[in-house]
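Structure record follows, encoded as structure tokens.
First the proteins, then the strands, lettered A, B, ... as listed; each starts at 1.
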Amino acid sequence: GILFNNEDEKEDTSFEKNICRFFMGLFLIFHVFRAEQKFADHMKEKNEASSEFAKKKTLLEQRQYLPIFAVRQQLLNIIRDNNIVIVVGETGSGKTTQLTQYLHEDGYTSYGMVGCTQPRRVAAMSVAKRVSEEMNSNLGEEVGYAIRFEDCTSEKTVIKYMTDGILLRESLRESDLDHYSAVIMDEAHERSLNTDVLFGLLQEVVSRRSDLKLIVTSATMDSDKFAGFFGNVPIFNIPGRTFPVDILFSKVPQEDYVEAAVKQALQIHLSGMMGDILIFMPGQEDIEVRRFFTSLLQPQCNMRLEDLENAPPLAVLPIYSQLPSDLQAKIFQKAPDGVRKCIVATNIAETSLTVDGIMFVVDAGYCKLKVFNPRIGMDALQVYPISQANANQRAGRAGRTGPGQCYRLYTQSAFKNEMLTTTIPEIQRTNLANVVLLLKSLGVQDLLLFHFMDPPPEDNMLNSMYQLWILGALDNTGALTPTGRLMVEFPLDPALSKMLIVSCDMGCSADILIIVSMLSVPSIFYRPKVPSVHCSDQVREKFSVPESDHLTYLNVYLQWKNNNYSSIWCNDHFIHTKAMRKVREVRAQLKDIMVQQKINLVSCGSDWDVIRKCICAAYFHQAAKLKGIGEYVNVRTGMPCHLHPTSALFGMGYTPDYIIYHELVMTTKEYMQCVTAVDGEWLAELGPMFYSIKHAGKSRQVSNILPEYHTQHIQCAFVTLDHKTSHKGQFLKKLRFIYHMKAE
DNA sequence: GAGCACTGC
């Protein structure tokens with residue numbers, strides 16, 4: 001049927017106005033505050049109810065009630081007869097908790113552990129906890145888990161849950177995974193970067209080790225592809241236990257998904273049907289609630305106001321990853337009687353967290369994706385249509401506790417004809433420098449021949465190898481150098497590892513260690529929306545080191561340390577406490593590795609120029625040159641690049657001739673994020689394959705020292721002094737550096 | 001004068 005009536009929408013409102021209409025409507029009219037106040041009381045009630053359920057059924061009875069129990073013996077038979085099996089286990093089948101236990105009961109743990117990988121840390125932890133309860137043992141004994149910063153296993157452990165990244169690291173130490181008798185790769189259909197690398201590696205391990213069982217779980221739509229990849233291995237189906245979800249498509253394409261979502265949510269709310277609503281939006285910007293206070297109330301989408309006023313209360317709850325965790329927790333609290341929850345989420349609610357009681361899903365059909373462009377070395381963060389697999393996953397969120405409905409704000413024809421069946425796997429749209437380094441260290445000779453399920457673009461691979469060569473991780477033949485081998489030890493991007501390694505000789509390793517840790521954690525600064533926005537910016541300026549964002553970060557950490565790592569101090573200075581704690585954890589982990597690798601910790605004290613030079617030593621390939629007031633051009637591509645407004649260098653009178661950047665991201669413009677001023681001389685000294693010093697028209701030729709893989713890129717590496725591009729102004733300096741890249 | 005989906009070692 002017709003879900004929405006577009007014809008009445010004539011006014012041309014801006015995006016922002018639409019957002020504000022969304023929340024002014026929902027948020028204010030439905031007395032959200034009243035609703036929220038009642039939450040606390042009802043939490044207690046809910047807890048009592050769930051413990052009541054636990055009493056009714058024993059753990060064993062609960063295990064036997066799962067769909068997977070009915071096919072237990074068949075499943076074990078097929079695993080016994082095959083080294084690799086694809087298991088299609090739908091939601092609610094019990095595969096994640098039961099498969100490991102079945103293998104244990106069938107004797108596989110007598111000669112090794114049963115390992116089970118998860119794409120997320122919380123999942124690894126919570127599933128391990130559940131299984132240890134079912135096996136009546138203490139967590140960390142028979143059943144344990146391992147995630148970054150936390151190894152909760154012991155010599156007794158026979159069932160080990162872990163993130164896929166952990167298993168990948170373990171395969172570095174022990175390439176045949178001799179400690180395992182079976183490995184289950186759970187949620188493999190999510191195709192994380194680590195999953196895809198493990199696919200290729202584990203397939204080889206199984207071919208070497210006939211006693212190892214590999215079980216890969218998949219969604220229905222990928223199962224044939226998975227089975228084919230591993231050599232036409234059998235597929236085993238386990239039915240799920242979910243409720244039916246009615247899918248309703250929009251009859252006409254929606255111009256504005258925010259407005260359409262508001263209308264749909266209101267329609268559901270006024271229809272009298274019971275149940276909570278979950279709305280999927282592409283980004284934080286669409287969800288952020290606070291900004292709506294500053295906006296004006298707009299007439300509501302042709303709804304009659306008296307209808308709205310008489311409607312029951314509705315609690316609108318935002319959820320996205322950057323939201324502070326105390327606010328995130330609200331979505332799990334039960335709403336009081338008579339209050340309906342309306343959760344507005346990014347795709348964090350698609351897989352990462354599950355809310356019970358959702359009966360209605362409203363799906364805008366978009367998500368944000370980061371896509372890497374290897375040619376210019378830039379990430380683009382953009383809104384894309386979701387895939388059919390995403391859409392089905394989202395719809396499924398309405399059928400967890402009862403029959404549900406899913407309203408798709410796009411047409412059936414768009415779903416069928418315009419959406420991809422599955423999202424492009426991460427390995428095809430990300431910077432591969434890390435993957436390349438890892439595979440090289442595992443002794444993979446020719447990376448272009450590595451057995452990937454979906455091989456990444458060749459250009460991307462070559463570019464990553466080239467970047468590693470620049471950093472001195474690969475030699476002229478493309479083989480790993482001692483520096484490269486050392487870099488693998490660190491759980492960091494290659495350039496950051498390199499920075500840490502060179503910092504020791506430069507006498508500033510303790511300082512660089514802090515900077516690297518700060519860069520490994522997203523969003524240190526918390527920037528509340530109105531009204532304290534200026535306040536937070538002012539506080540931030542207090543940390544500012546005019547010539548460097550990196551040093552600004554160092555400054556923040558040192559001050560936090562001086563204030564005894566206080567969370568109150570963080571709150572006062574608009575800094576994410578959670579992020580800072582993670583910085584500290586990362587620092588401790590990296591420090592351990594440095595000690596292990598005999599890299600001394602030394603501080604340069606107050607001589608911060610040394611630190612800038614050290615940063616330059618690892619990032620000289622990401623440099624920009626001043627061109628006009630406050631304008632920079634990328635030295636590799638000649639592309640204009642902008643200082644990000646949050647940078648310490650932004651809008652200040654100080655405009656250095658050369659800067660290096662940590663990251664280049666295309667959003668509304670090409671922005672350099674996290675920059676540091678450097679000397680031109682340093683660039684020539686530390687990046688001789690890129691830059692040469694030009695003395696009165698004479699140039700120094702760079703010899704061909706590139707590995708064979710990079711023949712296509714050799715031209716890019718040469719410094720060709722081009723007199724045409726050298727002009728007066730800021731070039732009238734003692735030294736001139738010009739970089740020329742052969743355009744395609 | 002912008003604003004960042006989500007993971008992981």
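Counting any heavy atom pair closer than 4.0 Å across all strands shown, Thr351(A) reaches no nucleic acid atom. Counting any heavy atom pair closer than 4.0 Å across all strands shown, Leu193(A) reaches no nucleic acid atom. Contact annotation for Phe149(A): no contact, since no heavy-atom pair falls under 4.0 Å across all strands. Gln673(A) comes within contact range of at least one nucleobase, with a heavy-atom separation under 4.0 Å. Contacts of Arg169(A) with the nucleic acid, taken as non-hydrogen atoms under 4.0 Å apart, include base atoms. Among the atoms of the strands shown, none is found under 4.0 Å from any heavy atom of Leu168(A).
For Thr163(A), whose side chain is taken as the heavy atoms from C-beta onward, the closest listed nucleotide among dG8(B), dC6(B), dG1(B) is dG8(B). Closest approach to the Arg120(A) side chain among dT7(B), dC4(B), dC6(B) is made by dT7(B) (side chain taken as heavy atoms from C-beta onward).
Taking Gln393(A) as the reference, Glu350(A), Thr351(A), Arg397(A) meet the side chain to side chain contact (heavy atoms under 4.5 Å, CB included) condition, with sequence neighbours excluded. Partners of Asp196(A) under the salt bridge (Lys or Arg N to Asp or Glu O under 4.0 Å) rule, at least two apart in sequence or in another chain, are Arg191(A).
Per the geometry, CE belonging to Met162(A) stands 14 Å off C1' belonging to dG8(B), to the nearest Å.
If you take CZ on Arg429(A) and CD1 on Ile424(A), they are separated by 7.5 Å, rounding to the nearest 0.5 Å.
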